[in-house]
Chemist: 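Starting off with a structure, shown below.
Quantities reported herein were computed from a predicted structural model and do not represent experimental measurements.
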There are 2 protein chains.
Amino acid sequence: MDLHDDHARCKALGRVLDRIGDKWTVMVVGALSKGPVRFNALMRLIDGVSHRMLTLTLRGLEQDGLVKRTVYPTVPPKVEYQLTEVGRSLIEPLSALTLWAQTNLPAIEAARITNEDVESAETI
Amino acid sequence: MDLHDDHARCKALGRVLDRIGDKWTVMVVGALSKGPVRFNALMRLIDGVSHRMLTLTLRGLEQDGLVKRTVYPTVPPKVEYQLTEVGRSLIEPLSALTLWAQTNLPAIEAARITNEDVESAETI
DNA sequence: CAGCATCCCGGGAGATACTG
DNA sequence: CAGTATCTCCCGGGATGCTG
């Protein structure tokens, strides 16, 4: 397939990356890929996320119909998050990217460091 | 495949999204997927990108070894950009995501609008 | 336990103008 | 044609503290 071929394709991809390209969204999707998870459990699962950002990320995903929020009116309150059908369907393409990431990240980070060195050597 | 399974996978994916999740990178990769393209041609291909941001994006991709920069010492100068082997390998997983985007974007944007409406209705 | 409101900072990104 | 430099604005996102 050819990304350049169809401009509409790039646009669609752009929109999706605007959506999932933020700092936490994919982590949340990953954490929910097993099944429903409660709010605080998510916080523990996703290393480094703040209370606030987890809330915002979940709200966004919920609004876009990728995540379903279920409230159990108990005391204390219990809220579960789970992927919707659409949300689950995202796992597969994301997995392809993850595989690529695992394969190529070492080369990329090596290149980055090498070129940084070249750069600073030039500036001397 | 299961994203949650392996924490390292999520990390790798996170790094990659930090890299390609910005506003212009995927557009550039898409525009270069056909073959070498000159700087100004890229600007015309990628709608809305500024001179500056295109430069920065290309520098980033070059530094990470995803793009190769070739200068022809002519007058006026001619500079071509092309994907490296690693860069080209990114097209495939990106295509999977693009396909997903085309398929699911309508549903997502519909859900977004619906939920916006619900939201504002609740605030009345 | 879950979630919202407020404050605040750094960096992403546009506009513009200058150079080889 | 290709690239750099500066100035500026805006908002993503962290910290913190309050409610039901």
Chemist: OP1, OP2 of C:dG14 versus side-chain N and O of B:Ser50: anything below 4.0 Å?
Modeler: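 Answer yes for this pair, as a side-chain N or O of B:Ser50 is under 4.0 Å from OP1 or OP2.
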Chemist: Rounding to a whole Å, what distance do you find between A:Leu56:CG and C:dC4:P?
Modeler: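 The distance from CG of A:Leu56 to P of C:dC4 comes to 8 Å, rounded to the nearest Å.
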Chemist: Please tell me which of the listed nucleotides, D:dA2, C:dG3, D:dA5, lies nearest to the side chain of B:Val79?
Modeler: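 Among D:dA2, C:dG3, D:dA5, the one nearest the side chain of B:Val79 is D:dA2.
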Chemist: Are A:Tyr72 and A:Leu32 connected, step by step, through hydrophobic side chains (Ile, Leu, Val, Met, Phe, Trp, Tyr) whose heavy atoms are closer than 4.5 Å?
Modeler: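 The answer is no; the residues belong to distinct hydrophobic clusters.
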Chemist: Looking at C:dC4, I'd like to know if its phosphate oxygens (OP1 or OP2) sit under 4.0 Å from a side-chain N or O belonging to A:Arg59.
Modeler: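 For C:dC4, OP1 or OP2 has a side-chain N or O of A:Arg59 closer than 4.0 Å.
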Chemist: Give a yes or no on whether the backbone of A:Ala101 and the side-chain of B:Arg9 come within a donor-acceptor separation of less than 3.5 Å.
Modeler: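 No, B:Arg9 side chain to A:Ala101 backbone: no donor-acceptor pair under 3.5 Å.
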Chemist: By nearest atom, which of the nucleotides C:dG14, D:dG14, D:dG3 is closest to the B:Trp24 side chain?
Modeler: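 Nucleotide nearest to B:Trp24's side chain: C:dG14.
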Chemist: Measure from CE on B:Met53 to P on D:dA2 and round the result to the nearest Å.
Modeler: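 Result: 19 Å.
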Chemist: Between B:Pro77 and A:Asn40, name the one whose nearest nucleotide on DNA chain C is closer to the 5' end.
Modeler: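 In this pair, the answer is A:Asn40.
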Chemist: Using atom CG of B:Leu42 as one end and atom C1' of D:dA2 as the other, report the distance to the nearest whole Å.
Modeler: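 Checked: the CG to C1' distance equals 12 Å.
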Chemist: Rounded to whole Å, how long is the line connecting atom CD of A:Glu80 with atom P of C:dC1?
Modeler: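 Answer to the nearest Å: 15 Å.
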Chemist: With nearest nucleotides of DNA chain D determined for A:His51 and A:Asp22 from heavy-atom distances, which residue corresponds to the more 5′ nucleotide?
Modeler: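 In this pair, the answer is A:Asp22.
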Chemist: Just to be sure I understand the rule, does B:Arg38 reach a base, reach only the sugar-phosphate, or reach nothing, if contact means heavy atoms closer than 4.0 Å?
Modeler: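 Here B:Arg38 touches the backbone only, sparing every base.
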Chemist: Figure out the CZ/P separation between B:Arg52 and C:dG12, and round it to whole Å.
Modeler: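 Going from B:Arg52 (CZ) to C:dG12 (P), I get 10 Å.
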Chemist: Any side-chain to backbone donor/acceptor pair from A:Thr55 onto A:His51? Under 3.5 Å, distance only.
Modeler: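 Yes.
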Chemist: Can you check whether B:Arg69 has a side-chain N or O nearer than 4.0 Å to OP1 or OP2 of D:dG3?
Modeler: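 The answer is yes; a side-chain N or O of B:Arg69 sits under 4.0 Å from OP1 or OP2.
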Chemist: NA contact type, B:Tyr81, heavy-atom cut-off 4.0 Å: base, sugar-phosphate, or nothing?
Modeler: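 Result for B:Tyr81 = sugar-phosphate.
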Chemist: Provide the closest heavy-atom pair for B:Ala31 versus B:Val37 in the form atom of the first, atom of the second, distance.
Modeler: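 Nearest heavy atoms, B:Ala31 then B:Val37: O-CG2, 3.7 Å.
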Chemist: Identify the two heavy atoms, one from B:Thr84 and one from B:Lys68, that lie closest to each other, and give their separation to 0.1 Å.
Modeler: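 That would be CG2-N, 3.8 Å.
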Chemist: For the pair made of NZ in B:Lys78 and P in D:dG3, what is the distance, rounded to whole Å?
Modeler: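 The answer, rounded to whole Å, is 13 Å.
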Chemist: What's the CG-C1' distance between A:Asp18 and D:dC11, to the nearest Å?
Modeler: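 Between C1' of D:dC11 and CG of A:Asp18: 14 Å.
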Chemist: Give the rounded distance in Å between these two atoms: CE of A:Met27 and P of D:dG13.
Modeler: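 Distance check: A:Met27 CE to D:dG13 P gives 12 Å.
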